[in-house]
Amino acid sequence: MVVEACLKAGIREYVVCAGARNMSLIDALVSSDDAIIWSHFEERSAGFFALGRSMDSREPCAVVTTSGTAVAELLPAVIEAHYQGRPLVLISADRPASFRGSGAPQAIEQPGIFSQYVEACDDVTSVEDVLFENWAGLRPWHLNVCLEEDEVVRPVLQKIEEFQPLRSNFDVTDLVHFFQDHWKGFVVAVGGLEPEDREEVFGFLKEIKVPVIADATSGLRELLGPYLVADAEQVMREFKPQCVLRLGEVPVGRFWRDLENTPEVRVFSVTRSGFSGLARESAVLHGEVGRILRGLGEVGELGDTQDILVANRRRWSQTQDLLDAYPDSEPAMMRTLSIYATTAQSLYLGNSLPIREWGQFAQRDYPIETVRANRGANGIDGQLSTWIGMTHGLDDSWCVLGDLTTLYDMSAPFLLDGCEASGRVLVIVNNSGGKIFERMPRVKQMAPLTRELVLNHHQYPFEKWAEMWGYDYAVFKNADEIEIESSERVQVVEIVPSQEQTEAFWKAYASL
Ligand SMILES: Cc1ncc(C[n+]2csc(CCOP(=O)(O)OP(=O)(O)O)c2C)c(N)n1
């Protein structure tokens, strides 16, 4: 009955993490001809893999766990799915309700365990229960299924129905006023976009002709020519625009956080997640970005942007000179990698430095078709699993992660077994710890022990890990050596930037 309800709700893909309690659910799923089944032993990773599947298919994906702490392992992926607005479905097997509060083996309090991060939790204690009632299909949903260990769930013969998420209703009046009131000092910040929104956003940006701060995940970064802002913090500091229109996900750059301290800059967000991404006052229009822009009609050219654009050109060319001067620094190695990555069909960027440095320093002439990241809660967990899930069946997909981020998700390659695709390249930027924190002025002034604790400094290389999974491996310590050729096999490429050159680069960049 549970599996029938899932097929009826349009859930096609299932990641199963087997245990004694959920075996009969898995058995019922296996008997459905249409269900696509993945498997993993580690639930945290499985949850992120399912999220990646949902990012790719734009449909729900379910994770099926046994009872106990197995369910709790899903929380990080559920939180990420909540903030991204993805239909991740959690199906947890549970002991009968009479075990609640007893402390009996593998009996924990499962209903409500995901709190506000799911749209609802159906606690399924009887066959009469109604499941997925009023599910909009835009956020996670939890089915907690009470089962006897040897209970047999009837085989299912039903076909999967089409998944139909709710479409948003919106009113563009406030956005129209925003344009009318603010035609001077106008900047657009584009965060991650869904593939179907890109064309509309690109057309809109070409029409209004203003400076654009575009994240790599917008998919538009390489298409904006002179309108792409080279250094967002500098533009916000020097030119003090009156208003910022944000399209898509919350932008990655520091400038966005700094907006908290400049309440005089008006901010309007158009976003499918509905989150403002700011603690201070701002306007939000919630809905599919492309549809909203289409609903706006013609806006025309906005603004007086010549000074910004001239300064912007200068800044970009000075940055290129610095990257040439410090070729083995992390930003320059990132630029070199981005040139090799132009052969990729898709790119996944990890938090924290990879997504920032790619956005700031990667080449900007050749677009990569799909660029994704987990920017809902900005975690460094589950990144490898999300990438693997997102790129099933996609050849030539690249992933760029930090070293701690990779160490966090070391069992993820277990999932690659069932994932068809050639030409996968996993780049690990190994700067020996959480170097994002070293860039914070506050950390520089801390006691040596505090710094050590914050940075999680280490010297672990990734060669043996790559070998364990049977992958090709190469390590590059300077830019001249980098050579990445397309291959059928999975390639792990470890990049070790020069610490001295990286420090020298950032020092020079700060004084540009
Ligand atoms: C799950 C989770 N734990 C902790 C953090 C805080 N955090 C942000 S960046 C970072 C360090 C990341 O290190 P690494 O993967 O080596 O990348 P880099 O510092 O080079 O960006 C940490 C611990 C987080 N974002 N997510």
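One-based numbering, in listed order, for ligands and for the atoms of each. Bear in mind the structure is a predicted one, so any value in this text is a computation, not a measurement.
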Using a strict threshold of under 4.0 Å (side-chain N to carboxylate O), is an ion pair present between [Y] and [X]?
X	Y	value
Arg335	Asp324	yes
Arg272	Glu288	no
Glu503	Lys435	no
Arg451	Glu438	yes

Flag, side chain of Arg86 to backbone of Ser54, donor-acceptor distance under 3.5 Å: no

Expected output: side-chain Arg424 to main-chain Val490 donor-acceptor under 3.5 Å: no

Between ligand 1 and the protein, find all N/O pairs closer than 3.5 Å and give the distance for each.
residue	atom	partner	partner atom	Å
ligand 1	15 (O)	Leu404	N	3.3
ligand 1	15 (O)	Thr405	N	2.8
ligand 1	15 (O)	Thr405	OG1	2.5
ligand 1	16 (O)	Asp403	N	3.3
ligand 1	16 (O)	Asp403	OD1	3.3
ligand 1	16 (O)	Asp403	OD2	3.3
ligand 1	16 (O)	Leu404	N	3.0
ligand 1	16 (O)	Gly433	O	3.0
ligand 1	19 (O)	Lys435	N	2.9
ligand 1	19 (O)	Ile436	N	3.1
ligand 1	20 (O)	Asn431	ND2	2.9
ligand 1	21 (O)	Leu353	N	2.7
ligand 1	25 (N)	Asn378	O	3.1
ligand 1	26 (N)	Ile380	N	3.0

